[in-house]
Amino acid sequence: MTETSLRTDFCIVGGGPAGLTLALLLLRSGAGVTVLERCRSLEREYRGEILQPGGAALLDGLGVLDGARARGAHEHSGFQLVDRERVLLNVDYQRLPGPYNRLLSLPQRHLLEELLQACGAFEEFHYLAGVRASGLLHEGGAVRGVTADGARRAEVRAHCVIGADGRYSKVRMLAGFGARRQEAFDHDVLWFKLSADDDPRVEDTVRIFRGGGNPVLLYRSFPDSLQVGWTLPHGGYRALAERGIEHVRAEIVKALPQYADRIEGRLTRLSDLSLLDVFTQESQSWSTDGLVLIGDAAHTHSPLGAQGINLAIQDAVALHPVLMASLRAGDARAEVLDRYTLRRRPAVRRVMRIQSLQNKGMLSQHPVAARVRPRLAGLVSRTPLFRSILRQVAYGDPGIAITDDLFVA
């Protein structure tokens with residue numbers, strides 16, 4: 001088996017949106033970066049792909065948005081909550097200040113391809129695909145690198161290690177950080193795609209349908225398909241699956257009877273569906289000497305409000321100047337890295353609270369909620385609080401901006 005030994009400024013574990021955005025920021029600032037990614041290629045399954053305006057603005061500032069869009073994407077003018085063909089909530093993003101006032105259905109693969117291409121222009125960039133973090137290297141009580149195995153054995157020594165390896169983070173586990181998992185949501189989600197076929201019923205909005213059966217999320221996705229997220233009771237997949245694909249398919253048809261023929265033709269076995277276990281989770285610690293977590297490794301969210309990619313990108317942008325200051329000072333102690341943690345934790349917790357409200361308001365199956373939802377949706381949508389929440393969902397922390405004065409390339 002091939003063995004690789006590298007020394008670099010920063011070792012990032014995880015080549016998703018958080019890890020590769022951070023890698024590009026650091027490379028453009030003159031730092032050396034090695035990324036370890038457990039998947040051998042970008043030909044893999046992805047879930048979240050809705051990009052909020054705040055994330056789009058940051059990617060544009062980094063110079064990768066246009067290239068990612070050119071690979072294939074769909075714009076959406078807003079979001080709707082539809083109950084038995086009645087629009088209860090119509091959130092028009094085009095009323096937000098431009099130019100970033102649209103939702104973008106951007107396949108993660110297209111974003112990662114563009115980020116990788118941009119990173120690959122730097123000699124100081126190393127990308128090791130098909131390797132998994134297996135241990136942390138310590139020196140003087142601080143983390144000083146990572147060992148990895150898989151397609152090759154690797155040892156990467158670095159000024160600082162960044163765990164960007166997702167909701168089930170191996171780096172978080174290796175660092176001994178506990179994580180508080182909260183079962184704050186009533187639903188999990190089964191994802192699948194249907195053919196769009198230029199269907200005139202497909203609008204340029206992201207929609208949640210309520211009516212027959214469980215609530216369902218629907219939006220147009222690249223290339224010409226409909227991304228469907230059918231909700232089911234949290235933790236209830238095993239009992240549902242035991243009844244077979246015919247039963248599951250019939251339940252989904254109840255929610256989307258207008259697409260019954262396509263659902264019948266598309267869902268022929270349970271493996272045609274991808275389950276997302278919906279929960280929130282926050283790592284009890286985000287940093288230790290020589291190591292810091294970002295993205296889902298630090299905080300995991302519901303798909304409601306399409307916050308995952310946005311938060312990942314904003315984490316990377318917020319951490320970038322902290323890491324560069326750490327590198328210049330030769331100091332990667334937790335006290336230094338926590339300048340990032342103290343900035344991001346309040347914003348992340350605000351998102352968690354908003355998602356909890358969204359869950360109760362839009363997905364609850366309680367009879368009382370069903371009765372009051374139509375009137376309440378109309379009232380709430382006209383309040384200053386709603387406009388404030390919309391800006392938070394769309395843009396995140398308004399103070400997050402790329403520190404481009406650090407760029408040397």
Side-chain angles (χ1 to χ4, degrees), residues 47-57 73-107 185-187 189 191 193-194 196 199 201-211 214-222 225-231 255-256 258-259 276 278 301-311 313 350-364 369 373-396:
R47 292 190 177 97
E49 63 177 41
I50 295 292
L51 183 63
Q52 292 280 357
H74 281 292
E75 284 192 341
H76 300 283
S77 62
F79 165 83
Q80 290 182 341
L81 174 62
V82 183
D83 194 335
R84 299 184 187 275
E85 299 187 359
R86 178 184 176 188
V87 178
L88 301 185
L89 195 61
N90 185 22
V91 183
D92 185 359
Y93 268 59
Q94 294 176 99
R95 293 184 178 180
L96 295 170
Y100 307 104
N101 57 353
R102 305 272 288 185
L103 293 165
L104 189 64
S105 173
L106 177 66
F185 297 93
D186 300 328
H187 299 85
V189 182
W191 294 103
K193 287 190 176 184
L194 299 174
D199 191 330
R201 295 172 297 185
V202 180
E203 302 173 8
D204 69 337
T205 53
V206 177
R207 290 169 291 170
I208 288 182
F209 284 100
R210 298 187 56 93
N214 297 341
V216 61
L217 174 71
L218 183 74
Y219 61 86
R220 184 182 284 275
S221 179
F222 180 85
S225 60
L226 300 176
Q227 179 69 64
V228 184
W230 181 74
T231 64
L256 288 173
Q258 65 271 43
Y259 294 108
L276 176 64
V278 178
H301 303 267
S302 158
L304 271 174
Q307 291 298 296
I309 300 177
N310 248 34
L311 289 170
I313 293 168
R350 280 196 299 273
V351 169
M352 289 180 173
R353 290 193 294 269
I354 289 171
Q355 287 188 322
S356 179
L357 291 172
Q358 289 174 312
N359 174 69
K360 293 173 183 176
M362 290 187 282
L363 298 183
S364 175
R373 185 178 290 110
R375 179 176 297 178
L376 190 61
L379 290 173
V380 169
S381 65
R382 294 189 290 271
T383 65
L385 176 61
F386 177 81
R387 291 190 288 273
S388 174
I389 290 175
L390 173 57
R391 284 180 173 267
Q392 171 68 44
V393 170
Y395 298 112

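In this structure the side chain of Leu104 reaches within 4.5 angstrom of the side chain of Glu75, judged on heavy atoms. A heavy-atom distance below 4.5 Å is found between the side chains of Leu51 and Asn310. Side-chain contact between Val228 and Tyr259 is absent, with no heavy-atom pair separated by less than 4.5 Å. In this structure, the side chains of Val351 and Gln392 come closer than 4.5 Å at one or more pairs of heavy atoms.
Checked by atom type, the side-chain pair Gln227/Ser105 shows no donor-acceptor distance below 3.5 Å.
We find the CD-CG distance between Gln94 and Asn101 to be 6.5 Å, quoted to the nearest 0.5 Å. Between the CD atom in Gln307 and the CE atom in Met352 there is a gap of 11.5 Å [rounded to 0.5 Å]. For the atom pair CD of Glu49 and NE2 of His74, the computed distance is 9.0 Å after rounding to the nearest 0.5 Å. To the nearest 0.5 Å, the span separating OG1 on Thr205 from CG on Leu218 amounts to 8.5 Å. Interatomic distance, His187 NE2 to Asn214 CG, rounded to the nearest 0.5 Å: 6.0 Å. Atoms CZ and CG, on Arg220 and Leu194 in that order, are 12.0 Å from each other to the nearest 0.5 Å.
Taking every heavy atom of both residues into account, Ala73 and Leu106 meet most closely at CB-CD1, 3.9 Å. Closest non-hydrogen pair, Pro215 versus Thr231, comes out as O-OG1, 2.7 Å.
Scanning for side chain to side chain donor-acceptor pair (under 3.5 Å) contacts around Ser77 gives Asp204, with sequence neighbours left out. For Gln52, the side chain to side chain donor-acceptor pair (under 3.5 Å) partners are Tyr93, not counting sequence neighbours. Every residue two or more places apart in sequence or in another chain that forms a side-chain contact (heavy atoms from CB on, under 4.5 Å) with Ala57 is listed here: Tyr100. Scanning for side-chain contact (heavy atoms from CB on, under 4.5 Å) contacts around Pro97 gives Arg391, Tyr395, with sequence neighbours left out. For Arg95, the side-chain contact (heavy atoms from CB on, under 4.5 Å) criterion is met by Asp92, not counting sequence neighbours.
With Trp230 as the partner, the side chain to side chain contact (heavy atoms under 4.5 Å, CB included) test is satisfied by one option alone out of Val216, Leu217, Leu256: Val216.
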